[in-house]
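Data block below; observations after.
The structure displayed is predicted, hence computed values, not measured ones. Each chain gets a letter, A, B and so on, in the order the sequences are listed, and its residues count up from 1.
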Amino acid sequence: MSVQDITSPDSQDAHDQDNVHSDSHSESGSEGEAEHEPTNGEAGGSSLPASTPAASSKSKKKKKKKSKASKALQSVLRGGGSGNVPQELVDEVIQRVKEEHADLADQADEETVRQALDYLKINDVIRGKAGIAGRGTKDLGEHKFWATQPVPQLGEEPPEADGYIEPSLPRDQVRQDPFPLPKEFEWSIVDINVPAQLTEVYELLSAHYVEDHDASFRFQYTAPFLQWALKPPNYVPEWHLGVRVASNKKLVAFISGIPIHLNVRGNRFTGSEINFLCVHKKLRSKRLAPVLIKEITRQCHLKGIFQAIYTAGVVLPTPLSTCRYHHRLLNVPKLVDVKFTSVPRSSTVARMIRIHKLPPSPFLSRAGLREIENKDVKGVHKLLSKYMERFDMRQEFGLEEVRHMFLSGKGVGELKDGRRENQVLWTYVVEDPKSHQITDFFSFYNLPSSVIGNTKHAVVDAVYLFYYATDAAFGQGDKEEVEARVDKRLTDLIADALVVADQAHFDVFNALTLMDNWAFLKELKFGNGDGMLNYYLYNWRTAPLAGVNPIGDRGVGKGVGVIML
Amino acid sequence: MSEAFHAAAAYLSSSTALSSVSDAQKLELYGLFKCVTVGLNPSTSRPSFFDFAGRAKWDAWQKAGKEWSGQGGTSGAESLYIERAKSLGWVESSSSAPRSSTDKKAAVPVADDVDLDNLDDSDEPGSVGGPRSNLGNSVSVLAAPDEDDEDDVPMPELHRLTLSAERGSLEAYLKANPTENLNAKDSFGYTALHLAADRGLHEEALLLTSRGADPHIQDEDGFSAVDLAAAAGHERLVKLLNGEANQKEA
């Protein structure tokens with residue numbers, strides 16, 4: 001969607017029912033797995049705490065610093081006239097440079113910093129008149145749409161207590177009519193069980209979905225992938241929401257949600273995982289995206305779901321965590337050819353091939369590494385559930401969800417060159433040869449990107465690291481010993497994931513700085529990507545989570561245990 | 001450099017057209033301008049972290065150079081520059097006077113123009129809307145390495161011109177410097193022919209071998225130019241180089 005699209009002011013926002021307090025007793029739209037029963041049907045209000053937005057006098061060092069920065073910002077915002085960079089902001093920058101870039105500290109004298117900030121037109125950036133180098137950053141001041149939504153606003157202090165922003169509503173107080181669309185369009189629930197309709201979604205996304213900043217690559221979701229991603233156990237058909245041209249019924253926009261059980265710093269609730277928001281390129285001035293978001297929100301409310309999680313490459317109000325993409329080259333000549341990577345002056349393609357060469361078979365084969373089977377689902381469920389406790393925000397899985405996520409994507413027929421027909425997900429487990437327990441597992445999914453305007457190569461065939469777990473995290477020893485053991489084991493495990501992907505002739509293996517990935521990214525020769533992924537929660541406040549940067553004693557990635565598709 | 005280019009540049013530097021243009025677009029124009037007037041690679045080293053303006057310009061130049069090396073070279077950059085100037089109100093052949101603002105507005109696609117009965121899926125450059133703002137996953141490629149360290153040792157002119165892939169510039173240089181040692185290695189142990197073979201630069205590789213560059217010299221990994229071309233999958237270049245190599249031996 002375009003900047004204008006999502007940030008458009010809109011007279012009719014979703015706050016018709018603002019400030020209506022009531023106990024939620026709406027119908028449950030999600031599954032009844034035992035371990036989630038407490039949250040079912042009362043996703044917000046009655047059982048969950050309300051958040052307390054402002055920071056209190058609990059003045060940790062971090063908060064003090066934050067509040068100084070935000071004061072500086074506030075003073076810029078109030079400052080009115082252009083030009084003058086406030087002293088507080090200059091001081092803050094000098095302080096940060098000294099802390100975070102010791103090598104540059106001697107260059108960071110006051111005049112230089114002032115000039116630099118002035119040049120950057122930081123005032124304009126803060127007010128939203130300009131983006132930062134037009135990249136990854138949305139115009140902060142134009143978030144009029146998001147200002148009407150129950151999300152933490154930019155510049156807000158971390159909350160004193162976690163909780164919802166707006167209370168949940170009983171079903172009869174949820175808006176009953178769909179939000180109005182411009183007259184030439186109409187709503188359409190897309191039935192992805194009908195092959196023709198699934199194809200429509202697939203074709204819309206193929207031509208109009210997310211591209212990189214140069215418009216050189218665009219995600220190429222496949223029909224089997226969408227089948228797998230959009231139909232987890234207890235999926236809600238109404239959450240596959242489309243917009244059609246009224247006259248010819250052409251599908252021109254789409255948004256989806258699937259139920260997800262979340263645990264955010266000890267608070268457990270069922271939310272909706274929002275994904276695949278896509279508007280036809282030629283219609284991005286029609287302001288369809290805000291309406292899509294409001295309508296899917298209404299559809300969630302109708303099912304008693306009042307929280308959501310979503311991700312975006314761009315900065316919206318307000319990221320809970322930011323993770324950075326990392327890429328591990330597999331097919332070097334092709335990736336150079338399509339300009340996915342360049343050859344540094346100090347190297348050659350031949351040298352890069354040698355550096356990235358992988359062994360022909362997995363290292364852990366003798367230790368019991370093999371593809372997942374139906375009989376492993378229980379073991380994987382148990383292992384994963386326990387392992388995920390390591391992360392501050394995490395997905396919680398029911399048994400059937402594990403079966404769906406890690407088994408149902410494996411395609412049909414025999415493995416041929418490492419792949420089956422319609423395979424979208426690869427899951428491997430390590431079964432201890434003596435105890436026959438599942439001790440480790442890893443998974444990755446296949447999501448190609450089309451190479452825009454390249455005649456030689458149509459796609460970059462990428463795989464993305466998905467969930468994994470190891471029982472090395474549970475054994476004896478103090479924290480340091482355990483962490484060292486986890487790091488070592490994960491490095492071996494994901495090294496084998498690379499081998500499996502390489503044997504299946506994928507071009508590149510991608511991973512984000514979330515979960516325990518930081519333990520092995522460098523060791524396994526993942527390089528920094530230029531893309532960031534921001535995590536957002538809808539109608540839930542919590543302090544920022546450790547992603548690409550550590551926060552306090554929480555290391556890189558340890559805040560984020562949710563992987564989106 | 002065409003007359004049209006000069007006229008377009010004059011228009012952009014004098015008119016008020018640029019006042020409504022974002023910094024990102026200005027940087028793009030700057031990068032293209034430098035590619036056309038100076039060359040596909042910045043001739044200086046990258047400015048310091050705190051020289052924001054200089055650094056941004058340098059990066060824009062290098063980015064444009066990378067984009068146009070191998071696909072149209074300076075002439076490609078030139079036509080894009082002219083195209084951009086036109087979209088900002090410059091009119092070819094006529095004066096350098098900016099068009100009236102109403103004309104400019106007419107060039108901006110208006111939402112109501114969209115023909116809903118004939119929506120196509122084409123990838124138009126500069127089509128309406130930001131391409132990467134969707135909620136969902138985000139596309140990423142490998143970030144360019146920080147090349148500051150590599151700039152410490154300047155690249156020999158022969159290597160620089162080979163990699164720049166500017167039509168004619170390497171040939172002109174070789175003509176002007178007939179005694180140049182074509183087998184000289186850069187600070188990383190590569191001859192100019194190694195680089196041409198590795199990056200798949202056919203014309204440059206042929207030019208160098210035809211003037212006596214030795215295709216058998218090995219780099220620090222023990223690879224000859226032919227080995228590098230083969231490893232990188234430049235099959236036609238391998239054949240060409242093998243042909244050259246055989247001729248020399250004969």
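- Here the CZ-CG distance, from Arg345(A) to Asp186(B), works out to 6.0 Å after rounding to the nearest 0.5 Å.
- With respect to chain B, the highest number of heavy-atom pairs below 4.5 Å among Glu273(A), Glu203(A), His326(A), His327(A) belongs to His327(A).
- Of the listed residues (Tyr325(A), Tyr310(A), Phe526(A)), the one with the most heavy-atom contacts under 4.5 Å to chain B is Tyr325(A).
- Among the candidates Pro333(A), Gly527(A), Ser347(A), the residue making the largest number of heavy-atom pairs closer than 4.5 Å to chain B is Ser347(A).
- Considering only heavy atoms from C-beta on, Arg351(A) comes within 4.5 Å of Glu220(B) through its side chain.
- Proximity of Phe223(B) to Val349(A): side-chain heavy atoms (C-beta onward) are nowhere separated by under 4.5 Å.
- Heavy-atom neighbours of Lys249(A) NZ from other residues, nucleotides or ligands within 6.0 Å: above the threshold of 12.
- Counting all heavy atoms, side chain and backbone alike, Thr348(A) lies closest to Arg199(B) at CA-NH1, 4.3 Å.
- Contacts with chain B were tallied for Asn528(A), Leu204(A), Asn275(A); Asn528(A) has the most, counting heavy-atom pairs under 4.5 Å.
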In sequence, state the C-alpha distance, the side-chain angles, and the governing distance for Ser138(B) and Met564(A), and then conclude on side chain to side chain contact (heavy atoms under 4.5 Å, CB included).
CA-CA 10 Å; Ser138(B) 115; Met564(A) 308 274 287; over 6 Å; no
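- Residues Val141(B) and Thr341(A) are not in side-chain contact: their nearest non-hydrogen atoms beyond the backbone lie 4.5 Å or more apart.
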Side chain to side chain contact (heavy atoms under 4.5 Å, CB included) between Lys339(A) and Lys66(B): does it pass, once the steps are laid out?
CA-CA 10 Å; Lys339(A) 297 192 164 60; Lys66(B) 266 193 192 154; over 6 Å; no
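- Using a 4.5 Å cut-off between heavy atoms, Asp219(B) touches chain A through its side chain atoms alone.
- When all heavy atoms of Ser140(B) and Phe340(A) are compared, the pair lying nearest together is O-CE1, 3.6 Å.
- The minimum heavy-atom distance between Tyr209(A) and Asn137(B), with the atom names listed, is OH-N, 3.9 Å.
- Ranked by heavy-atom pairs under 4.5 Å with chain B, the first of Ser247(A), Ala246(A), Ala350(A) is Ala350(A).
- For Glu235(B), the CD atom is loosely surrounded, since the number of other residues' heavy atoms within 6.0 Å does not exceed 12.
- More than 12 heavy atoms of other residues, nucleotides or ligands lie within 6.0 Å of OH in Tyr536(A), so this atom counts as buried by the packing criterion.
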